[in-house]
Amino acid sequence: MNEFLFSTSWCVPLYSLMGALLTLPWGMGIIRKTGPRPAAYFNLLTTVLAFAHSLFVFKDVWDREPENILVSWFQAANLNLSLSLELSPVSVGATVLITGLSLLAQIYALGYLEKDWSLARFFALLGFFEAALSGLAISDSLFLSYALLEVLTLSTYLLVGFWYAQPLVVTAARDAFLTKRVGDLLLLMSVVTLSSWAGSLNFSDLYEWAQTANLSPVASTLLGLGLIAGPAGKCAQFPLHLWLDEAMEGPNPASVMRNSLVVAGGAYLLYKLQPILALSPVALNALIVMGSVTAVGATLVSLAQIDIKRSLSHSTSAYMGLVFLAVGMQQGGVAVMLLLTHAIAKALLFMSSGSVIYTTSTQDLTEMGGLWSRMPATTTAFVVGSAGMITLLPLGSFWAMLSWADGLVAISPWVIAILVIVNGLTALNLTRVFRLIFWGTPQQKTRRSPEVGWQMAFPMVTLTILTLILPLMLQQWYLLPDRNSINWYVVGILLTSTVLGVGIGSTMYLHKAWSRSRILVWRFLQDLLGYDFYIDRIYRLTIVGAVALLSKVSAWSDRYLVDGLVNLVGIFTILGGQSLRYSISGQSQGYMLTILVVISLLGFFISWSLGLLNNLHF
């Protein structure tokens, strides 16, 4: 039985795809009498099957060597496109995480979207979402990974634009799609180039090619930057980071998946591209710079947000920046561990924030307060999720950051400074958000807010328990560092940053009536962070303005030069025809005279041109 399940692990993504297809009759309105609930149950059933299948395989995968399954998809002349799948502890573990979080998100969505008329369409989109993510986890082919990333881009566009009747939702979906297209286009160029140079797009073949590849510095740099661009767009890294903030206009269950798993999908592809990126020191340095800027900048921006979902989304960009930094410094194992701990903690945070939004009907932090006694399960979930995000001993993110910082403290001590800044500011921001939501005096919208129903509470409680026992799971998988090798100096620094962040966040003055500070310096700083360092306006004045100007020039030339020339020829033809109409006499000598005159004029112009050319020649 175990052998059969292991050999059929490649079909785990097909469960979710089948569930998505089964929901289409309800999503398309073909079946109306039963309501949309059966579609959700079909999708839940297939997700349970996918989770059980991958979980049974994961229990026994440690004793096996990684296996590859090769499927030939297209072959013509020298072009051979094959789909390679990898069954290893990392890939199967990723499918367990994806299907498990997807199952909890779908149960959560049953309560959150209980009265939504398009519930079936939402579950169909979640099914495609889950299928693409599961396929990306077991993919051992860059070609297949790129195709699945495109499916994720489309799914993100459709889920962000789920409530398409709202103008802000339409804008957010469009911006998310177009921003990702920029990175995907550059990634496609690199995929085509690698196909030509390496002769294969399977990761195992690409690794062998990278060991003996002899590329010029320019070629390796352009190749590396192109491979980085795709994951940078998916992970909302600077300068392709603005879409994740706007994507919070979509339903919260989709935000749970997007902030925990979709961004991790782009980072997972980056992790698998490490040996190829190592060919270009410039590309590795670009990863380090991009990750550092995003980690610090996004954490600062999150401090000035008054929208609960946007405050959490900026921390997602910050932690993905840490993953980019880890990959740039060739610390792939640490990157995977950070992705695991972040995915679970961030899913729990978004579920708890979604429960608050569901009961209060607002996302504005200044309109909340005093919910800790009215929503105990949600409060506990938010506290545990926040603890799982920062370096608070002994939860998961502490071990992920410690294993990273411990090995680099002597080589690159500046990395410790970035970790301390991001960790301290994240602790400060989460404490600030907790005080605004759960502490203080109840506001008008929070005085009678009840706890959510079991469909939303069950996933939160499950993830709360999972976050608390995650260190035991890491120990079971031998991923925790040896006690004798722990650098207690680094432990002290990380814990100190956490204590300082929580302490400052607990004591800083928060006045909900102040939309902006009266002090000019603080107001400028608040606006600078609140408007994301004005990057959106800078884009509007530079890139968007340049594209708009080129569009106007192109439209003017198309209208007055291209169309004008064609119209001019047409006008002369009409005028000539109208004029010649009055010269028709019906006599052949008149026609002969006209032909002779025209031929004489042509001969005159030709002889004049030849004489002019001869004079110029001499």
Gap separating the [atom1] atom of [X] from the [atom2] atom of [Y], nearest 0.5 angstrom:
X    : Y    : atom1 : atom2 : value
M351 : L101 : CE    : CG    : 7.0 Å
Q237 : I228 : CD    : CD1   : 11.0 Å
E130 : T47  : CD    : OG1   : 4.0 Å
F382 : I437 : CZ    : CD1   : 5.0 Å
M368 : T359 : CE    : OG1   : 8.0 Å
T156 : F177 : OG1   : CZ    : 10.5 Å

Please list, one pair per line, the donor and acceptor atoms closer than 3.5 Å that link side chains of residues 458-468 to other protein atoms, with sequence neighbours excluded.
{"residue": "T462", "atom": "OG1", "partner": "F458", "partner atom": "O", "Å": "2.8"}
{"residue": "T464", "atom": "OG1", "partner": "M460", "partner atom": "O", "Å": "2.7"}
{"residue": "T467", "atom": "OG1", "partner": "L463", "partner atom": "O", "Å": "2.7"}

Applying side chain to side chain donor-acceptor pair (under 3.5 Å), can you list everything that pairs with S497, at least two apart in sequence or on another chain?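 Per chain and number, S497 pairs via side chain to side chain donor-acceptor pair (under 3.5 Å) with N423.
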Under 6.0 Å from the OH atom of Y157, do we count more than 12 heavy atoms belonging to anything else shown?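 No, because the 6.0 Å sphere around OH of Y157 holds 12 heavy atoms or fewer from other groups.
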Heavy-atom count check: over 12 atoms from other residues, nucleotides or ligands less than 6.0 Å from M290 CE?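 Buried by this count: over 12 neighbours within 6.0 Å.
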Can you list the steps and then say if T391 with T498 is a side-chain hydrogen bond (donor to acceptor under 3.5 Å, both in side chains)? CA-CA 6 Å; T391 55; T498 300; 2.8 Å; yes
Can you list the steps and then say if Y41 with T23 is a side chain to side chain contact (heavy atoms under 4.5 Å, CB included)? CA-CA 9 Å; Y41 297 148; T23 60; over 6 Å; no
Heavy atoms, side chains only, cut-off 4.5 Å: are [X] and [Y] in contact?
X    : Y    : value
V433 : F438 : no
K309 : N252 : yes
P253 : F122 : yes
T46  : S16  : no
T426 : Y319 : yes
L110 : L44  : yes
Y112 : I357 : yes
F324 : P231 : yes

Which side-chain N or O atoms in residues 257-270 pair as donor and acceptor under 3.5 Å with protein atoms at least two apart or in another chain?
{"residue": "R258", "atom": "NH2", "partner": "A247", "partner atom": "O", "Å": "3.0"}
{"residue": "R258", "atom": "NH2", "partner": "S255", "partner atom": "OG", "Å": "3.2"}
{"residue": "N259", "atom": "OD1", "partner": "T316", "partner atom": "OG1", "Å": "3.0"}
{"residue": "N259", "atom": "ND2", "partner": "S255", "partner atom": "O", "Å": "3.0"}
{"residue": "S260", "atom": "OG", "partner": "V256", "partner atom": "O", "Å": "2.5"}
{"residue": "Y268", "atom": "OH", "partner": "A137", "partner atom": "O", "Å": "3.0"}

List for me each residue that meets salt bridge (Lys or Arg N to Asp or Glu O under 4.0 Å) alongside D184, sequence neighbours excluded, and say none if there are none.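 With sequence neighbours excluded, D184 shows a salt bridge (Lys or Arg N to Asp or Glu O under 4.0 Å) to R181, K234, given in chain and number order.
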Taking salt bridge (Lys or Arg N to Asp or Glu O under 4.0 Å) as the test, write out the residues that go with R310, two or more places apart.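 Residues passing salt bridge (Lys or Arg N to Asp or Glu O under 4.0 Å) with R310: D245, E249.
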Test V422 against every option in L419, I418, L425 by the side chain to side chain contact (heavy atoms under 4.5 Å, CB included) rule and name the one that passes.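 Only one of L419, I418, L425 forms a side chain to side chain contact (heavy atoms under 4.5 Å, CB included) with V422, namely I418.
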Show the nearest heavy-atom pair for residues [X] and [Y], with the distance to one decimal.
X    : Y    : value
T379 : W372 : OG1-CA, 3.3 Å
Y108 : F350 : OH-O, 4.2 Å
G501 : T431 : O-OG1, 4.4 Å
G161 : V169 : CA-CG1, 3.4 Å
P450 : M375 : O-CG, 3.7 Å
A295 : L322 : CB-CD2, 4.0 Å

D364/T362 under side-chain hydrogen bond (donor to acceptor under 3.5 Å, both in side chains): CA gap, chis, key distance, verdict: CA-CA 6 Å; D364 194 339; T362 181; 5.5 Å; no
Without hydrogens or angle criteria, can the side chains of S315 and S302 be said to hold a donor-acceptor pair below 3.5 Å?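 Absent: no donor and acceptor within the cut-off.
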Side chains of T299 and N429: do they bring a donor and an acceptor to under 3.5 Å?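 Their side chains do not contain a donor-acceptor pair, so the 3.5 Å distance test is not met.
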Given E451 and T378, is the side-chain hydrogen bond (donor to acceptor under 3.5 Å, both in side chains) satisfied, shown in steps? CA-CA 7 Å; E451 184 60 272; T378 302; 2.7 Å; yes
Counting distance only, does the side-chain N/O of [X] pair as donor-acceptor with the main-chain N or O of [Y] below 3.5 Å?
X    : Y    : value
S139 : G135 : no
T95  : V92  : yes
E367 : Q363 : no

Using residues 24-31 as the side-chain source, report each donor-acceptor pair under 3.5 Å to any protein atom, sequence neighbours left out, with the distance given to one decimal.
{"residue": "W26", "atom": "NE1", "partner": "T34", "partner atom": "OG1", "Å": "2.8"}
{"residue": "W26", "atom": "NE1", "partner": "G35", "partner atom": "O", "Å": "3.4"}

With side chain to side chain contact (heavy atoms under 4.5 Å, CB included) as the test, would you mind laying out the steps for R432 and L365 before giving the verdict? CA-CA 10 Å; R432 175 186 72 95; L365 292 171; 4.2 Å; yes
Go through the steps for L436 and T366 under the test side chain to side chain contact (heavy atoms under 4.5 Å, CB included), then give the verdict. CA-CA 7 Å; L436 289 172; T366 62; 5.9 Å; no
One pair to check against side chain to side chain contact (heavy atoms under 4.5 Å, CB included): T99 and H53. What are the steps and the verdict? CA-CA 10 Å; T99 54; H53 190 159; over 6 Å; no
